[in-house]
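Structure below; questions to follow.
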Amino acid sequence: MLEKILREGKRVYWCPSCNVPLLSGFCESCGSRGFVVRSTPPSDLRPAFRADLERIWSAARELFNEEYDFLVPRDQVVLLNKIPYPDAGDEVIVSGYIVAHVFFDLKLFRWRFKPMYAGVHRMVEEEMGYYALVDLPKLARGFVVHKGDIVKSHLPERKGVYVALRTVNGKFYALGERLPGSRIKVIKSWRRRSYNLSSRASTWDEAVRCNRDYINWLEREAIDFIKDLSRKGFEGIYVSFSGGKDSLASYLITEKALGGVPILFNDTGIEMPETVEYVNMFAERTGVELISADAGDRFWAGLEVFGPPARDYRWCCKIVKLAPIIRAFREKYGLSKVLSIVGQRRYESFARFRSPRVWRNRWIPSLLSASPINDWTALDVWLYLFLNRATVNPLYEAGFDRLGCFLCPACEVAEFEAVRKLHPELWEKWERVLSSYALGKGLGDKWVRYGLWRWRRIPGDISRELRIDNRLMGYDRGVKVMLSKVEEREGCSTYRFRINSDRLSYAFLPMLGRATIDGDFLRIDRRDASIVIDLRDRRYTVCSSETDELAIDVLRLIVRSTLCISCGLCTNWCPSGALRIDDRGLIFNSDKCTGCLICNKYCPICKFLEIKLDKNMEKVNKI
Ligand SMILES: [Zn+2]
C-alpha cells in the first residue's frame, strides 16, 4: 500500500528531446510531454555529482575498458536512486532509463558496476563489453547457459564478471554472471522493452530551465505555508540548520518568506570538518545569527560507558543531538513559544513517509516544528538550489549524499570508506577505538572491517554475504549490573550488586531521602523507608514495605552516580530545578529535590541499563 502511494505520489518524468528530468509531466523549454522514469520506491532521485560519476566510471572500466563512459556518458545529466543492497547501492539513470546498478561489494571491498535494463539492451545491440546471444526460447533467473547454447559472444576471462544476454528470438534480455567453463548464470531477466538512450548532451542548467515554473510554484507554496504559520503568535522562529541540502533549501524559503532568521546548528563533536566550516561560512556570509549547540566530547565519554553505538542501540543521538539542542534552545528561548523550521522530507525513507508537515516537539512542549519541504523529493530540492545558485556543502561534490556524524551506525561501509579517503586521520582514530574494543571482547577483525559494530544483532543478508556466524558476531553491549538478594527478614532485605567499574560514586543517593554518613555507612532516611549502604562493600540494606522496588531505585542511582557523562538530559525534566550541569558535571541540589525520580526516566544510562536480578527477586525491573 505504501509503495503504491509512493509510486503514484510523486513521479519524475524525462524530456526525450532535452534529455533532462522533468518534475511535472511536460517540458517548459520545448513543450514535449515527458515519459515516466521507472525507479525503485521510495524513489528519492538525486543528481550524480562529479565524484559519483568518477566512482561509477571507475567501476565500469572492468566491462568497457577505455570506453568506460559507454553507458554513463560524460556530457549528460545522470540521476541516482538509492536501492537495497547488503551495503550501498544505487540505480543509475541515463536518458530516463535505468542503465545500471552501482553497489559496494562487501566481499571485494570495492564498487561494482552492474549493467541493467537499458544498459544490457545497449551492450547486446552494440556488441560492447561482455555479451552473449543465446539460442534458447527464454531466459529465467537462476538458469545456467552452457557453451553449446551460445551463438555469438564476447565473454570475460574471469568468473563472476557480468555478461549482457539476449535470446536469438529477441524476446528476452538478461544479466548473467560468468561461471567456470564458459557457462553463464542468469541473475536477472526480463521481456523485451524499448529504450531510446539519447545521445544529446545536457546540463543541470538546462534541467533548471525545463522546470523553472514548476520549481517557482513549489517555492511559492512553501513560502505561503511559512508565512501563514508564522502569524500564529510565536515569540521566536529559527531554522534548524544541519549543513545539508534540505536545511539549506528550508532556510532559503524561510528567508524569502520572513527575511533572515537565526539558524541553530548542533555540533555533535563527530561532524565532518567540512560541515562545521560550511555552517560557519554560511552564517558569516548571510550575517544571520548562529545559535550554536555543542555536544563537546560527550560522544567519546559516552563510548566509555555504552560501547560503540549501533542501529539497534542508538544511545548516541540522545547525547550528541537531543541534549545539546535542548540546552541551546533553553538558553536562547527559555519557555517561549517557538517555531523551528526544519528540512525534513517524507520521501527520504518509508519510515518518514507518514510524517506530518507540522508537529509538536516531543521533548520541548513549547516548540513547534514545521517542514516547508515535507513533500519535496531530493530532485525538487536540488533543482531549487541550482535555480537559486545556492552554495551547498562541498561534501556533496565530493560524493557524499548523506551528511551527519562521520561514524553514524546508519551509514554503509562504502560511506565509511569515503570518509577514510577524505579524512584518514579522522577515520583511523575511530578504527583504533573499534579495534581495541574488538580485541578486548575477542570479536575478530571482520567486526571492524565490515562495520559489524553497527548492529547488536547482525541482519541476515549481511551475515549470509560475509558468511558470519550470527551467534558468534552478535554480542551484547550496554551497561549491565547484577543484583541479588542475600538476606531478607522483618521488612528489611540486604542486596549485593556487581558492576563493571572499579570506583563507585553515591553522589545522587540523597535523591531518595535525607542522607547521613555514619563511619563506613551511608544512611538514607525517608518517611516510609530507610536504606543503609555499606561503603566498603558492594551491598546495602533496604527497610521498607516494598524492598525490591526500592532496591532497584537505589541501584539505578548508584549506576547513574558512577557512570554519569554529564549529558544534561535529566536537567530538562527535573520539576523542581534541582539538577544542573556545570564544569564539574551534573550538580544535584538536595534542598530542592523532591525525590520524584523523574530524572531516572530520562537518563540514557537508565534507559540502556540492564539489571540482572537473581531468582529470589520478583520481576520489578521496570522504570
Ligand atoms: Zn524539453
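We count ligands from 1, going down the list as the structure has it; atoms in each ligand are counted the same way.
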- Take the Zn ion (ligand 1) and tell me which protein N, O or S atoms are nearer than 2.8 Å.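 Those protein N, O or S atoms (cut-off: under 2.8 Å from the Zn ion (ligand 1)) are Cys15 SG, Cys18 SG, Cys27 SG, Cys30 SG.
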- Would you call the rings of Tyr195 and His121 parallel, tilted or perpendicular if under 30° counts as parallel and over 60° as perpendicular?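 Correct class here is perpendicular.
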- Message: Whether the Arg74 and Tyr68 side chains hold a donor-acceptor pair (N or O, under 3.5 Å, no angle test) is what I'd like checked.
- Response: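 Side-chain D/A pair, Arg74 to Tyr68: present.
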- Query: Any chance the side chains of Glu91 and Thr40 put a donor and an acceptor closer than 3.5 Å?
  - Reply: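 Yes, because at least one side-chain N or O of Glu91 sits under 3.5 Å from a partner of the opposite role on Thr40.
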- Item | Listed partners of Tyr384 passing ring pair (Phe, Tyr, Trp, His ring centres under 6.0 Å), at least two apart |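 If we apply the ring pair (Phe, Tyr, Trp, His ring centres under 6.0 Å) test to Tyr384, skipping adjacent residues, the hits are Trp376.
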- Item | Electrostatic pair Glu125-Arg122, nearest N-O below 4.0 angstrom |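 The answer is no: the pair does not qualify as a salt bridge.
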- Query: Using 30° and 60° as the class limits, which term best fits the ring planes of Phe49 and Trp382: parallel, tilted or perpendicular?
  - Reply: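 Ring orientation, 0 to 90° scale: perpendicular.
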